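See structure below.
All values derive from a computational prediction rather than experimental measurement.
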Amino acid sequence: NHLDCQMVHEGFDVKAGVQEDTGFIYGGSQHNCGTWMDKMGSSERAGNKGKPATPRDGCAVELTGLAYATVSWLSRAHKTDASYYPHSGVELKSGAKWSWEEWAGKIKGSFDDKFWLPEGG
């Protein structure tokens with residue numbers, strides 16, 4: 001009677017949020033597959049049942065890209081017609097307020113530094 005027949009119970013204990021310095025969405029745990037790009041182990045014989053092949057707790061690059069695309073679109077939607085999309089941004093748990101444009105700028109300004117490895121690096 002499990003939602004996921006491979007994942008261990010701890011895999012459902014996921015915390016997610018936004019890094020204020022980068023604007024990246026973070027979450028996951030070592031016990032779950034962070035995104036659709038990951039594979040949960042299913043072999044008792046191999047000893048990988050319930051263990052992600054690539055646990056990626058933290059900031060997944062594909063989710064960061066989707067977040068950037070989304071907040072950029074929200075910025076354009078709000079600027080084009082505030083009656084169509086009246087929300088100008090977000091307020092974080094810390095109380096910080098970001099416009100969609102500011103959030104997109106944080107992601108764009110941090111992306112290469114956090115995800116790009118130069119050749120030989």
Mind checking side chain to side chain contact (heavy atoms under 4.5 Å, CB included) for I25 and listing every partner two or more places apart, or none if nothing turns up?
V18, A67, W103
By side chain to side chain contact (heavy atoms under 4.5 Å, CB included), D81 pairs with (sequence neighbours left out) S83, Y84
Contact list for residues 104-116, test salt bridge (Lys or Arg N to Asp or Glu O under 4.0 Å), sequence neighbours left out:
none
Close side-chain approach of V61 and F111, heavy atoms under 4.5 Å
yes
Are there over 12 heavy-atom neighbours, none belonging to E91, within less than 6.0 Å of that residue's CD?
yes
Can you list the residues that meet the side chain to side chain contact (heavy atoms under 4.5 Å, CB included) rule with S99, with sequence neighbours excluded?
E101, E102
Closest heavy-atom pair and its distance - G50, M40
C-SD, 3.3 Å
Hey, what do you get for CH2 (W100) to OG1 (T70), rounding to the nearest 0.5 Å?
9.5 Å
NZ on K49 to OG on S42, rounded to 0.5 Å
7.0 Å
Which pair of non-hydrogen atoms, one from I107 and one from F24, has the smallest distance, and what is that distance?
O-CE2, 3.8 Å
What pairs with A16 under side chain to side chain contact (heavy atoms under 4.5 Å, CB included), at least two apart in sequence or on another chain?
none
Not counting sequence neighbours, list each pair that qualifies as a side chain to side chain donor-acceptor pair (under 3.5 Å) and has a residue in residues 14-27.
D13-K15, Q19-T22, E20-S94
Any chance you could measure E62, atom CD, to F115, atom CZ, to the nearest 0.5 Å?
8.5 Å
